[in-house]
Amino acid sequence: MSSQKPSIPRGTRDFGPEKMIKRNFILNTIQTVFKKFGFLQIETPSMEQLSVLSGKYGEEGDQLIFKILNSGNYLENINTDFIIENHKKLTPQIAEKALRYDLTVPFARFVVMNKNEITFPFKRYQIQPVWRADKPQKGRYREFYQCDADVVGTNSLLCETEIISMITEVFQKLNINDYTIKINHRKILQGIASAIGKDGQESSLCVAIDKLDKIGIQGVSKELLEKGYTDSEIEKLLPIFNLKGNTLEIIEQLKIFLDENPIGNKGIEEILSILDILESMNANFQNITLDLSLARGLSYYTGTIFEVKVNNIQMGSVSGGGRYDNLTEIFGLPNISGVGISFGVDRLYDVLEELQLFPSSSEQNTQILITYFDQEGFRYGLNILPQLRAANISSELYPDSSKIKKQFEYADKKKIPYVAIIGEEEMIENKISIKNMLTGTQERYTLQELILNFSRN
RNA sequence: GAAGGUGUAGCUCAGUUGGUUAGAGCGCUAGAUUGUGGUUCUUGAGGUCGUGGGUUCGAUCCCCAUCACUUUCCCCA
């Protein structure tokens with residue numbers, strides 16, 4: 001009999017107990033903040049109809065969707081010409097379901113399907129894994145979690161400020177202090193495109209200037225040239241890259257650049273309103289900057305866009321989002337504006353690990369392990385165990401009758417802070433010896449004393 | 001889609017300019033210590049050197065192919 005070597009698909013991960021404790025610290029923090037701001041949780045299925053996802057993420061995005069092969073004889077009734085002609089035409093015929101690629105599109109589908117039950121404005125949060133058929137790299141997986149919070153059904157800029165407040169609170173709770181919330185506005189980018197004579201062509205402009213911090217002004221210029229921008233158009237753009245000062249000063253310079261462009265000025269107005277609301281709420285501004293090079297890849301954003309970067313650490317953005325005006329329109333529900341935020345748990349994990357910001361995990365652990373020498377001690381332990389648990393003390397009884405040494409090793413490896421020892425002497429005295437595994441000290445308590453000492457934890 | 005890197009013990013890695021018996025640290029086993037973990041000392045187990053083929057008297061090493069993992073670019077969280 002030959003055994004097979006087990007493995008998991010690349011880009012996927014197992015999470016052991018230590019990792020789950022740390023992940024849950026992040027997830028619970030985010031969830032607590034979402035709840036506090038009045039967001040309600042929903043979940044959607046792992047798989048969606050392929051047609052729901054197709055075409056929502058651009059042409060490249062379609063390739064990155066994990067498709068699920070139809071059940072049964074999926075080749076029945078297939079026009080074999082497709083196989084030779086084009087696999088893209090064959091795919092929808094043999095796969096009608098696919099794994100979700102993000103949480104936003106399924107949410108849009110959810111809103112449209114449940115529009116009669118939903119009370120608008122609808123604030124929902126969702127924490128679930130998503131899948132991408134990408135080649136894995138550092139900080140990039142084929143299965144990963146997203147934590148999204150969105151408000152749909154209102155244009156109010158209060159939503160934007162609440163998102164900023166939530167980011168601030170999450171980072172404060174995670175003890176990350178040195179970070180930047182970059183904000184920008186798609187309408188400002190539209191206005192810039194228009195001002196240099198490229199009306200309506202801001203998407204290629206966005207893709208290029210999004211890379212500004214990576215490839216520099218020269219790299220961006222080169223890319224724009226390749227995309228058909230003329231030298232004079234790029235020349236006009238240059239002042240944008242050289243704006244200096246704080247957010248308000250940049251806005252003043254930007255106003256001059258945009259001149260009377262109505263769309264661009266609408267964007268500026270909204271940014272100013274957001275800052276004004278934040279000021280009324282006495283919010284902390286320090287971490288917010290207007291970054292005109294922020295564009296964000298996804299094409300459905302139409303208003304304010306955000307991204308959060310942890311400073312002084314080699315890591316891409318850990319959070320991002322923005323306002324979208326027409327996400328539900330494609331499913332037949334127009335004029336629903338929404339704004340959302342997404343936290344990247346996996347990247348936050350790496351950041352906290354690197355900055356050593358995870359709290360000590362001992363409190364989540366078993367507090368007391370009951371050890372014993374013989375069958376009699378085991379029975380004594382069986383009596384103690386439920387009483388400890390009734391007092392809300394996380395505890396366990398060693399299951400096998402092994403040497404005491406072995407039982408201590410178990411406690412040590414599991415980082416259980418206290419070991420209860422039940423031997424002949426203890427049973428005669430009707431007390432329990434408790435050894436503190438950290439300090440090595442040992443004392444005897446009655447069960448009552450033990451419960452009193454430990455239940456306050 | 002393009003270009004690199006790496007596959008040797010459970011883990012992290014040495015090594016052999018091609019030679020008989022492939023090593024270390026950590027981990028694991030057992031003991032020193034029959035009522036005590038972590039520290040210390042001693043002991044033992046554990047390998048088709050990724051897979052298939054080629055060259056050779058002989059390949060873990062050289063050549064070819066293949067698979068897996070990994071990094072960068074593109075794109076994204």
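Quick note: numbers below take in every heavy atom, side chains included, and nothing from hydrogens, waters or symmetry partners. Everything quoted here is computed from the prediction, not taken from an experiment. Order of the sequence lines fixes the chain letters, A, B, ..., with proteins taken first and strands second; residue numbering starts at 1 for each chain.
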- Side-chain H-bond candidate by donor/acceptor type, Ser401(A) with Gln375(A), under 3.5 Å: no

- Message: Need one value for Glu424(A): base, sugar-phosphate or nothing, where a base atom within 4.0 Å counts as base even if backbone is also close, heavy atoms only.
- Response: base

- When rounded to the nearest Å, what value does the distance between C1' atoms of rU48(B) and rA9(B) take? 14 Å

- Item | Dot-bracket encoding per residue of RNA chain B, Watson-Crick/G-U cut-off under 3.5 Å, | denoting interstrand | (((((((..((((.....[...)))).(.(((.......))).).....(((((..]....))))))))))))....

- Item | Distance-only polar pair, side chains of Ser433(A) and Glu426(A), donor-acceptor under 3.5 Å | yes

- Message: Return a single string for nucleotides 36-45 of chain B, one symbol per nucleotide in 5' to 3' order, where B is base contact, S is sugar-phosphate-only contact and - is none, cutoff 4.0 angstrom on heavy atoms.
- Response: BBS-------

- Query: Roughly how many Å is it from CG in Leu99(A) to C1' in rA77(B), rounded to a whole number?
  - Reply: 17 Å

- Do Asn311(A) and Thr180(A) get their side chains close enough for a donor-acceptor pair, meaning under 3.5 Å? yes

- Query: Between Ser156(A) and Thr154(A), do the side chains contain an N or O donor and an N or O acceptor separated by less than 3.5 Å?
  - Reply: no

- So what does Tyr145(A) hit on the nucleic acid, given a heavy-atom distance under 4.0 Å: a base, only sugar-phosphate, or nothing? nothing

- Item | Donor-acceptor pair between Tyr125(A) and Gln31(A) side chains, under 3.5 angstrom | yes

- Task: Quote, to the nearest angstrom, the P distance that separates rU43(B) from rA24(B).
- Result: 12 Å

- Message: For the P atoms, the ones on rC26(B) and on rC73(B), what distance do you get once it is rounded to whole angstrom?
- Response: 38 Å

- Query: Can a cation-pi geometry be assigned to Arg23(A) and Tyr145(A), taking NZ or CZ under 6.0 Å from the six-membered ring centre and within 45° of the ring axis?
  - Reply: yes

- Can a donor-acceptor pair be found between the side chains of Tyr301(A) and Asn184(A) at a distance below 3.5 Å? no

- Test Asp346(A) against Arg13(A) for salt bridge (charged side-chain N to carboxylate O under 4.0 Å, His left out), laying out the working first. CA-CA 11 Å; Asp346(A) 300 285; Arg13(A) 293 155 297 163; 2.8 Å; yes

- Please state the C1' separation for the pair rG25(B) and rU8(B) - nearest whole angstrom. 15 Å

- Once you round it to whole Å, what is the distance between P of rA77(B) and CD1 of Ile26(A)? 18 Å

- Per atom distances to the Ser317(A) side chain, the nearest of rG1(B), rC74(B), rA77(B) is rA77(B)

- Task: Report the residue (Gly344(A) or Ile422(A)) whose heavy-atom-nearest nucleotide on RNA chain B is the more 5′ of the two.
- Result: Ile422(A)

- Message: Rounding to an integer number of angstrom, what distance separates rC67(B) and rU51(B) when you compare their P atoms?
- Response: 16 Å

- Grab the NZ-P distance between Lys403(A) and rU29(B) for me, whole Å please. 12 Å

- Query: For the pair made of CZ in Arg13(A) and P in rA77(B), what is the distance, rounded to whole Å?
  - Reply: 16 Å

- Message: In whole Å, I'd like the distance from the OH atom of Tyr141(A) to the P atom of rC69(B).
- Response: 15 Å

- Query: Which value, in whole Å, describes the distance between the P atoms of nucleotides rC49(B) and rG7(B)?
  - Reply: 15 Å

- Does any donor atom in the side chain of Tyr101(A) or Asp62(A) lie under 3.5 Å from an acceptor atom in the other side chain? no

- Give the rounded distance in Å between these two atoms: CG of Asp134(A) and C1' of rU72(B). 14 Å

- Item | Modelled atom types, side-chain donor and acceptor of Asn383(A) and Gln387(A), under 3.5 Å | yes

- Task: Indicate yes or no: does Glu409(A) engage Lys413(A) in a salt bridge with an N to O separation below 4.0 Å.
- Result: no

- Query: Given the P atoms of rG38(B) and rU33(B), what is the spacing between them in whole Å?
  - Reply: 15 Å

- Measure distances between side-chain N and O atoms of Arg10(A) and base N and O atoms of rA68(B), and say whether any donor-acceptor pair falls under 3.5 Å. no

- When rounded to whole Å, the OH to P distance for the pair Tyr300(A) and rC76(B) reads 12 Å

- Message: Nearest heavy atom decides the nucleotide; on that basis, is Gln146(A) or Lys135(A) closer to the 5' end of RNA chain B?
- Response: Lys135(A)

- Expressed in whole Å, how much space separates the P atoms belonging to rU29(B) and rG19(B)? 36 Å

